[in-house]
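Take a look at the structure set out below.
Residue numbers count from 1 along this sequence.
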Amino acid sequence: VQSSALFFGSLTGNGVSGGCSVFIEGDMRPGFTPGVMAFGGDLSYGPFASILFEIGGTSAGRDYDQILVSGGLMLNGNLDVQLTNDFLPEPGAVFTLLQAGAIMGTFLSVDLPSLPRGRFWHHSDLETAGSLSVGLTPDSYPAFAAAYGLTTAPEKDQDGDGLANLFEYLTGRDPTIADAAGATPRLSGTLDALAFTFPLAQPGARDTTLELETSTTLGDAPGDWEVLARNSGDTGWDTALPVQIVSLGNGVEEVRFSLPVPPEGYRQFFRLRAQLLP
């Protein structure tokens with residue numbers, strides 16, 4: 001036998017056991033500051049629901065609030081996230097606030113606390129995977145340009161350090177401070193093995209296409225450059241080349257492609273090309 005429970009006031013604590021359907025149209029605070037709130041059936045939020053999550057560390061249930069739903073979770077209302085215990089999340093931190101058999105719907109609004117310069121919230125996975133993360137760049141290039149007050153186009157170099165604004169965005173750097181150390185791609189190796197290596201900020205940019213290309217002419221005509229690998233919208237690399245991805249910590253990963261060695265006396269050039277998605 002299944003039943004439904006409706007909450008129009010405040011709900012706190014450990015949740016609701018059993019396989020019933022729960023509908024929230026009031027204030028909700030998971031756990032006991034912080035803690036885990038679990039539901040044995042389905043959970044739905046109404047448009048007037050207000051859900052508060054407190055984050056005071058990186059351990060779910062111990063340092064930050066989490067909601068676990070055995071069935072389906074229907075999102076609605078307002079999500080409010082607050083930092084506690086003077087905690088400031090580092091780039092690369094991931095907080096799994098919601099876990100459910102299926103997540104549907106969207107929050108009407110998401111209120112996030114401010115972070116120090118150079119750290120940004122990512123909530124693009126919140127309504128699909130239930131996770132909130134912190135990165136060196138915001139969710140989109142327009143937000144990046146607005147955060148740093150850029151007055152030049154993505155392909156321009158506002159701080160004059162040799163990196164285009166778009167590559168500053170992709171690598172999670174401050175585009176107003178001239179410093180390209182460690183950000184430029186590297187071609188290294190021997191006569192037996194070549195590698196093309198470059199850093200990327202994580203969480204990755206979802207509004208760009210990155211291509212590793214090769215040419216024998218350095219020309220600009222169609223067909224002068226061959227695409228060896230492509231990553232569009234941070235969906236993963238589409239390539240036949242061996243690739244290694246290693247986390248360097250602090251919200252940065254290193255991507256390393258193993259390249260075929262050209263025959264002796266044969267010229268070959270490589271470049272990393274980035275474009276904003278329409």
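Checked for salt-bridge contact, E213 and R230 miss the test: no charged N lies under 4.0 Å from a carboxylate O. Ion pair R117/D174 flagged as a salt bridge, since at least one NZ, NE, NH1 or NH2 atom sits closer than 4.0 Å to an Asp/Glu carboxylate oxygen. Salt bridge R206/D125: present, at least one basic N to carboxylate O contact under 4.0 Å.
With no hydrogens or angles considered, no side-chain donor-acceptor pair links Q275 and T209 at under 3.5 Å. With hydrogens and angles left out, the side-chain atoms of Q202 and E253 include a donor and acceptor closer than 3.5 Å.
Using a 4.5 Å cut-off on side-chain heavy atoms (C-beta onward), E168 and F144 make contact. Two residues are said to be in side-chain contact when any heavy atoms from C-beta on lie closer than 4.5 Å; L75 and M104 fail this criterion. Put simply, the side chain of S109 does not reach to within 4.5 Å of the side chain of F107, judged on heavy atoms. A heavy-atom distance below 4.5 Å is found between the side chains of L126 and L97. Inter-residue side-chain proximity for P260 and L241 is flagged as met; some heavy-atom pair is nearer than 4.5 Å. At least one side-chain heavy atom of L108 sits less than 4.5 Å from a side-chain heavy atom of P47. In this structure, the side chains of L163 and T184 come closer than 4.5 Å at one or more pairs of heavy atoms. Within the 4.5 Å cutoff, side-chain heavy atoms of V243 are placed close to those of V255.
Ring pair W237/F257 is perpendicular by interplanar angle, where above 60° counts as perpendicular and below 30° as parallel. Ring geometry for F270 against F196 counts as tilted: the plane angle lies between 30° and 60°, on a 0 to 90° scale.
For the atom pair CG (D207) and OH (Y169), the distance works out to 3.5 Å, reported to the nearest 0.5 Å. Residue I67 holds its CD1 atom at 8.0 Å from CG of D65, rounded to the nearest 0.5 Å. Separating the CG atom in L277 from the OG atom in S140 is a distance of 12.0 Å, to the nearest 0.5 Å. Atom CG of L200 sits about 6.0 Å away from atom CG of L210, to the nearest 0.5 Å. In this structure, L68 CG and F39 CZ are separated by 9.5 Å, a value rounded to the nearest 0.5 Å. Here I51 contributes atom CD1 and L11 contributes atom CG; the two are 11.0 Å apart, rounded to the nearest 0.5 Å.
Under the 6.0 Å distance and 45° angle rule, R271 counts as a cation-pi partner of W225.
F95 and L88 fall within the same hydrophobic cluster, where Ile, Leu, Val, Met, Phe, Trp and Tyr residues are linked whenever their side-chain heavy atoms come under 4.5 Å apart, directly or through other members. V81 and L73 fall within the same hydrophobic cluster, defined by Ile, Leu, Val, Met, Phe, Trp and Tyr side-chain heavy atoms under 4.5 Å apart, directly or through other members. V94 and Y64 fall into different hydrophobic clusters, where Ile, Leu, Val, Met, Phe, Trp and Tyr residues are linked whenever their side-chain heavy atoms come under 4.5 Å apart, directly or through other members. Note: the hydrophobic cluster containing V246 does not contain L136 (ILVMFWY, side chain heavy atoms under 4.5 Å, direct or indirect links). Follow the hydrophobic side-chain contacts under 4.5 Å out from L166 and you reach F120 in the same cluster.
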Inset, instruction - Kindly indicate, with the supporting measurements, whether the criterion side chain to side chain contact (heavy atoms under 4.5 Å, CB included) is fulfilled by L52 and M28. - result: CA-CA 6 Å; L52 173 65; M28 180 176 174; over 6 Å; no
Inset, instruction - Could you please spell out the steps behind the side chain to side chain contact (heavy atoms under 4.5 Å, CB included) verdict for L132 and F53? - result: CA-CA 11 Å; L132 185 67; F53 281 90; over 6 Å; no
Inset, instruction - Begin with the C-alpha distance, continue with both residues' side-chain angles, and end with the deciding distance and a verdict on side chain to side chain contact (heavy atoms under 4.5 Å, CB included) for I24 and L43. - result: CA-CA 8 Å; I24 306 292; L43 175 64; 3.7 Å; yes
Inset, instruction - For L98 and T96, run side chain to side chain contact (heavy atoms under 4.5 Å, CB included): C-alpha distance rounded to whole Å, both residues' side-chain angles, the deciding distance at 0.1 Å, then the answer. - result: CA-CA 6 Å; L98 308 170; T96 304; over 6 Å; no
Inset, instruction - Under the side-chain hydrogen bond (donor to acceptor under 3.5 Å, both in side chains) rule, what do Y45 and N78 come out as? Steps first, then yes or no, please. - result: CA-CA 9 Å; Y45 295 115; N78 175 70; over 6 Å; no
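Crowding of F269 atom CZ: a count of heavy atoms from other residues, nucleotides or ligands under 6.0 Å exceeding 12. R119 CZ: more than 12 foreign heavy atoms inside a 6.0 Å radius.
A donor-acceptor pair under 3.5 Å is formed between the side chain of N231 and the backbone N or O of T235. No donor-acceptor distance shorter than 3.5 angstrom exists from the side chain of Q268 to the backbone of T214, with no hydrogens or angles considered. Checking side-chain atoms of T197 against main-chain N and O of R256 turns up no donor-acceptor pair under 3.5 Å. Not one N or O on the side chain of Y141 forms a donor-acceptor pair closer than 3.5 Å with the backbone of A205. No donor-acceptor distance shorter than 3.5 angstrom exists from the side chain of D161 to the backbone of A178, with no hydrogens or angles considered. Formation of a donor-acceptor pair under 3.5 Å by the S215 side chain with backbone atoms of D224 is found in this model. Panel note: side chain N165, backbone E155; no donor-acceptor pair is recorded below 3.5 Å. The backbone N or O of M37 sits nowhere less than 3.5 Å from a side-chain atom of N14 that would complete a donor-acceptor pair. E127 places no side-chain N or O within donor-acceptor distance of the main-chain N or O of G105, the cut-off being under 3.5 Å. No donor-acceptor pair under 3.5 Å is formed between the side chain of T12 and the backbone N or O of R29.
The minimum heavy-atom distance linking E25 with A49 is given by the pair OE1-N, 3.2 Å. Considering every non-hydrogen atom in both L83 and P113, the closest pair reads CG-CG, 3.6 Å. T137 approaches G172 most closely through the heavy-atom pair CG2-CA, 3.5 Å. I103 and A129 make their closest contact through CD1-C, 4.2 Å (heavy atoms, listed as atom of the first residue, atom of the second, distance). Pairing each heavy atom of A195 with each of L259, the nearest pair is C-CD1, 4.4 Å. When every heavy atom of P34 is checked against every heavy atom of E54, the shortest pair comes out as CB-O, 4.4 Å.
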